[in-house]
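FYI, side chains are in, hydrogens and waters are out, and symmetry mates aren't considered; it's all heavy atoms of this structure.
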Amino acid sequence: MYRLKEIVNNYSRWQDLSTHINRIEYQINDDLTSAIGSTKSLLESICKTILDYEQGEYENYDNVNKLVKKTIQILKIENPSQTSAFGNALVTSIQNLGELRNRIDDSSHGKSLLDKNKKIDSITASFLINSAETIACFLIEFYEIEHPRKKGENEFNFQEMKEFNEYLDDQHGDVKIANLLYPTSEALFAVDTTAYKDEHRKYLEVVNEQAN
């Protein structure tokens, strides 16, 4: 997922998607069913993020098909007929991804090791995951072009990062500057926000590993 990684790195508000991308890349060679599930989760996160930014309405139980439809609508592509056709094409691709996931799931019914369909399904899965990556890239880039962040806008509000700040301070303690002690989180945020964001991404990876 090189292209998506590149886009995520270019736009700071999407950098937390790196955890999703790394998971998919890890799963795609060994566990296609999980890789497809993670890909759908990635698209759901992108759609919900755009809808949240634009104050769009959605339900927590909305499936990925509904979320993509709502996201396409809120993006307000100029030509309504093209929007419908384009949105339907995206939703169809994602629907195919879900149907394939159900078909290749070996957990409920074992399959012969000589089953040629498994190889075909693997090729199809790879194609659909690549298609989903293209959809993800489009949604992010289109949104960033139409709704760029304001100059100087900071993605991280230090006061809202309480759990991460406590984690950082527990790991590294205080920093001494001019014989004064400051919490590591506060000092790092003030001195090098890029490093602060990097540490936050590492923190999310730790949290994700513990959750799994």
Practice problem: Mark yes or no: R13 above the aromatic ring of Y143, with NZ or CZ under 6.0 Å from the six-membered ring centre and no more than 45 degrees from the axis. | Solution: no
Quiz prompt | Nearest heavy atoms of S34 and Q27, plus distance in Å | solution = O-OE1, 3.1 Å
Quiz item: Measuring from E144:CD to E141:CD, what's the distance to the nearest 0.5 Å?
Solution: 9.0 Å
Practice problem: State the CH2-CG distance between W14 and L4, to the nearest 0.5 angstrom. | Solution: 10.5 Å
Practice problem: Check the hydrophobic clustering (I, L, V, M, F, W, Y; side-chain heavy atoms under 4.5 Å; chains of links allowed) and say if I74 and Y58 are grouped together. | Solution: yes
Quiz item: Taking all non-hydrogen atoms of both residues, which atom of N9 and which atom of Q15 are closest, and how far apart?
Solution: O-NE2, 3.5 Å
Self-check item: NZ-CG distance between K69 and N63, expressed to the nearest 0.5 angstrom
Solution: 8.5 Å
Quiz item: How long is the span from the CD1 atom in I129 to the CD1 atom in I36, to the nearest 0.5 Å?
Solution: 5.5 Å
Self-check item: S45: which of L17, T19, D16 passes side-chain contact (heavy atoms from CB on, under 4.5 Å)
Solution: L17
Self-check item: S18 OG to E25 CD distance, which is reported to the nearest 0.5 Å
Solution: 10.0 Å
Below 3.5 Å, can you tabulate the donor-acceptor pairs from side chains in residues 163-179 to any protein atom, sequence neighbours excluded?
unit_1	atom_1	unit_2	atom_2	d
N165	OD1	Y196	OH	2.6
N165	ND2	F158	O	3.1
N165	ND2	M161	O	3.1
D169	OD1	T184	N	3.2
D169	OD1	S185	N	2.9
D169	OD1	S185	OG	3.0
D169	OD2	S185	OG	3.1

Exercise. Evaluate the side-chain contact (heavy atoms from CB on, under 4.5 Å) criterion for residues K5 and N22: first the C-alpha distance (whole Å), next the side-chain angles of each, then the deciding distance (0.1 Å), finally the verdict.
Key: CA-CA 9 Å; K5 277 185 174 180; N22 291 337; 3.9 Å; yes
Self-check item: Side-chain hydrophobic cluster, 4.5 Å single linkage: members besides V191
Solution: none
Quiz item: If you measure from the Lys or Arg side-chain nitrogens to the Asp or Glu carboxylate oxygens, is any gap between K66 and E59 under 4.0 Å?
Solution: no
Quiz item: Where do I7 and I140 come nearest, in terms of heavy atoms and distance?
Solution: CG2-CG2, 3.6 Å
Quiz item: How far does OG1 of T39 sit from CD1 of I24, to the nearest 0.5 angstrom?
Solution: 4.0 Å
Quiz item: Do L43 and Y53 share a hydrophobic cluster (ILVMFWY, side-chain heavy atoms under 4.5 Å, transitive)?
Solution: yes
